[in-house]
Amino acid sequence: MSDHADPETSSPASAYGASPAVVFRQMDDGAVLLDLESGVYFGLDQVGTRVWTLLLERGTTAAVCAAMLEEFDVAPDVLAADVRRLVGELQQNGLLRAT
């Protein structure tokens with residue numbers, strides 16, 4: 001079974017965590033992720049950084065969306081689609097895995 005779940009079919013209750021070789025560094029305007037094994041480097045803006053930190057804290061996209069709806073003025077369906085898209089990109093780059 002692959003660690004790369006399809007973000008379009010993943011349940012909002014699916015849990016995620018950082019891949020073991022990933023280093024996270026917060027910057028003034030976002031963050032960078034670096035996979036020490038593959039050399040993949042990924043930049044996040046401030047909103048993407050918030051998604052990342054919430055995923056690590058709360059584990060599921062549903063929990064991330066619930067927290068972000070409290071913090072940002074955004075339609076729930078737009079937010080859910082954006083979070084799923086980012087999770088998919090992070091998984092495809094080996095930075096995030098289903099737990």
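Residues Gly94 and Ser19 share a closest heavy-atom pair of O-OG, 2.8 Å. The two atoms that bring Ala67 and Arg58 nearest to each other are CB-NH1, 3.2 Å, heavy atoms only. Closest non-hydrogen pair, Leu55 versus Val64, comes out as N-CG2, 3.6 Å. Here the closest non-hydrogen pair linking Cys65 and Ala80 is SG-CA, 3.8 Å. Closest of all the heavy-atom pairs between Gly30 and Thr49 is C-OG1, 3.3 Å. Nearest heavy atom pair, residue Leu36 against residue Val23, reads CD1-CG2, 3.5 Å.
With Thr60 contributing its side chain and Ala63 its backbone, the two residues share a donor-acceptor pair below 3.5 Å. Remark: the backbone N or O of Val47 is paired with a side-chain donor or acceptor of Asp45 at under 3.5 angstrom.
Under a hydrophobic clustering in which Ile, Leu, Val, Met, Phe, Trp and Tyr are joined whenever their side-chain heavy atoms come within less than 4.5 Å, directly or via other members, Phe24 and Val32 fall into different clusters. The hydrophobic cluster containing Tyr41 does not contain Met27, counting ILVMFWY residues as joined when their side-chain heavy atoms lie under 4.5 angstrom apart, directly or transitively.
No more than 12 heavy-atom neighbours from other residues, nucleotides or ligands sit within 6.0 angstrom of CD on Glu37.
Of the inter-residue distances, the one linking Leu96 atom CG with Phe42 atom CZ reads 10.5 Å to the nearest 0.5 angstrom. Remark: Gln91 CD to Arg84 CZ distance equals 12.5 Å, nearest 0.5 Å.
Between Val74 and Met68 the shortest side-chain heavy-atom distance does not fall below 4.5 Å. For the pair Thr61 and Tyr16, the minimum side-chain heavy-atom distance is below 4.5 Å. Looking at heavy atoms from C-beta onward, Leu86 lies in side-chain contact with Leu44 at the 4.5 angstrom threshold. Under the 4.5 Å side-chain criterion, counting only non-hydrogen atoms from C-beta, Leu90 is in contact with Trp52. Residues Leu79 and Leu69 meet the side-chain proximity criterion, which asks for heavy atoms closer than 4.5 Å.
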